[in-house]
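Encoded as structure tokens, the structure appears first; notes follow it.
Note that the numbering runs from 1 along the sequence shown for the chain. Values below: every heavy atom of this structure, side chains too, minus hydrogens, waters and symmetry copies.
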Amino acid sequence: GNIYNFCVQYPTGAVKCSGSNTYGQLGNGNTTDTSVPLLIPIASPKSLVIGSNNNICGIMKDGSLSCLGGNNNSQLGPTVSNMTTPTTITAYPSVAQAQISQQTSCSINASGVVSCIGGRQYGENGDPAVSTATTTPVVIAKFPAAKQIALQSSDACAILSDNNVYCGGAPSFNEFA
């Protein structure tokens, strides 16, 4: 979730959000915060993904992920820092579920495979031995057949098909190993 934005998706598919716009996440072409709900230019997403404090994304009906907002740790791939217009996240071509933190983003495809991009400072992106950000998706082998994923700035957890919860990242740095 995101404590800086409030969003609603209407039955028509339209999405309106208010709050912080520091990173252009409201999609109105500027970075001015607002208390007035604005129509977000992510048209009729299948579901919304409100990431950390600086992203608003939609999982589209075709399975793509379209996002607005900050990308300071390459958590949305090799794009510009602030995406003030909807940008398709090409690292995730087929998304069933996604989460975005300040450091990392991860998606689950229809087969339950989890892959992540972005920061890896705490091993939250699958390889505790490498701390540099990646824009190439890293498959998280410790999360096979995931049903749901949750991210915090330095941790990732998944509910697997056996209904057990597995986590990795800080503070042990090598829980994915």
Side-chain angles (χ1 to χ4, degrees), residues 1-77 79-118 137 140 143 145-153 155-165:
N2 170 334
I3 62 171
Y4 300 105
N5 293 104
F6 178 77
C7 297
V8 173
Q9 185 171 9
Y10 293 89
T12 62
V15 176
K16 287 190 175 183
C17 298
S18 61
S20 173
N21 198 26
T22 304
Y23 299 94
Q25 65 264 42
L26 296 178
N28 63 345
N30 66 50
T31 56
T32 303
D33 299 348
T34 182
S35 60
V36 177
L38 300 175
L39 184 63
I40 303 301
I42 297 176
S44 299
K46 182 171 60 174
S47 62
L48 283 175
V49 180
I50 312 300
S52 66
N53 64 351
N54 59 12
N55 297 106
I56 296 172
C57 301
I59 298 174
M60 308 310 289
K61 292 177 180 144
D62 66 0
S64 64
L65 184 65
S66 181
C67 293
L68 294 158
N71 191 34
N72 52 328
N73 290 298
S74 300
Q75 70 267 33
L76 296 175
T79 61
V80 295
S81 293
N82 293 339
M83 296 175 286
T84 58
T85 59
T87 301
T88 298
I89 309 307
T90 57
Y92 303 131
S94 179
V95 178
Q97 199 245 340
Q99 284 285 297
I100 301 151
S101 75
Q102 290 178 324
Q103 302 286 328
T104 305
S105 68
C106 295
S107 80
I108 301 173
N109 69 17
S111 300
V113 175
V114 176
S115 59
C116 301
I117 58 174
I140 309 301
F143 291 168
K147 296 191 317 186
Q148 192 170 5
I149 192 161
L151 298 177
Q152 207 46 22
S153 62
D155 299 293
C157 295
I159 299 173
L160 304 185
S161 61
D162 63 5
N163 291 321
N164 285 312
V165 176

(message) Can you tell me how far apart OG1 (Thr88) and CG (Leu76) are? Round to the nearest 0.5 Å.
(response) 11.5 Å

Would you mind writing out the side-chain donor-acceptor pairs for residues 36-46 within the sub-3.5 Å range, not counting sequence neighbours?
none

(message) Side chains of Ile117 and Tyr92, heavy atoms from C-beta outward: is any pair under 4.5 Å?
(response) yes

(request) Using modelled atom types only, decide if a donor and an acceptor are shared between the side chain of Gln75 and the backbone of Ile100 within a distance under 3.5 Å. (result) no

(request) Working to the nearest 0.5 Å, report the span between OG of Ser115 and CG of Asn109. (result) 7.0 Å

(message) Please find the pair of heavy atoms, one from Cys57 and one from Leu65, that lie closest to each other, and give the distance.
(response) CB-CD1, 4.0 Å

(message) Please enumerate all residues that pass side chain to side chain donor-acceptor pair (under 3.5 Å) together with Lys16, with sequence neighbours excluded.
(response) none

(message) Test of understanding: with side chain to side chain donor-acceptor pair (under 3.5 Å), list the residues that count as partners of Thr22, not counting sequence neighbours.
(response) Ser20

(request) Pick out which of Leu68, Leu26, Thr84 makes a side chain to side chain contact (heavy atoms under 4.5 Å, CB included) with Asn21. (result) Leu26

(request) State, yes or no, whether a side-chain contact exists between Lys147 and Asn163 at a heavy-atom distance under 4.5 Å. (result) yes

(request) Using atom types as modelled and distance alone, determine if a side-chain donor or acceptor of Asn82 lies under 3.5 Å from a backbone N or O of Gly70. (result) no

(request) Could you tell me whether a side-chain N or O of Asn71 sits under 3.5 Å from a main-chain N or O of Gly77, the two making a donor and an acceptor? (result) yes

(request) Using the test side chain to side chain donor-acceptor pair (under 3.5 Å), find all partners of Asp62 that sit at least two apart in sequence or belong to another chain. (result) Ser64

(request) Quick one: closest heavy-atom pair of Pro137 and Ala91, and the distance? (result) CG-O, 3.3 Å

(message) Could you tell me if the side chain of Cys106 sits less than 4.5 Å from the side chain of Leu151, heavy atoms only?
(response) yes

(message) Show the nearest heavy-atom pair for residues Val165 and Cys157, with the distance to one decimal.
(response) CG1-CB, 4.4 Å

(request) Flag the pair Val15 / Gln9 as yes when at least one side-chain heavy-atom distance between them is below 4.5 Å, and no otherwise. (result) yes

(request) Not counting sequence neighbours, which residues clear side chain to side chain donor-acceptor pair (under 3.5 Å) with Ser74? List them please. (result) none

(message) Apply side-chain contact (heavy atoms from CB on, under 4.5 Å) to residues Asn72 and Asn54 and explain how you reach the verdict.
(response) CA-CA 10 Å; Asn72 52 328; Asn54 59 12; 3.9 Å; yes

(request) Can you run down the disulfide (SG to SG under 2.5 Å) pairs that involve residues 20-54, sequence neighbours left out, and say none if there aren't any? (result) none

(request) Starting at CD of Gln102, measure out to CG of Asn73 and round the result to the nearest 0.5 Å. (result) 8.0 Å

(message) The test is side-chain contact (heavy atoms from CB on, under 4.5 Å); show your working for Cys7 and Ile56 and say whether it passes.
(response) CA-CA 9 Å; Cys7 297; Ile56 296 172; 3.8 Å; yes

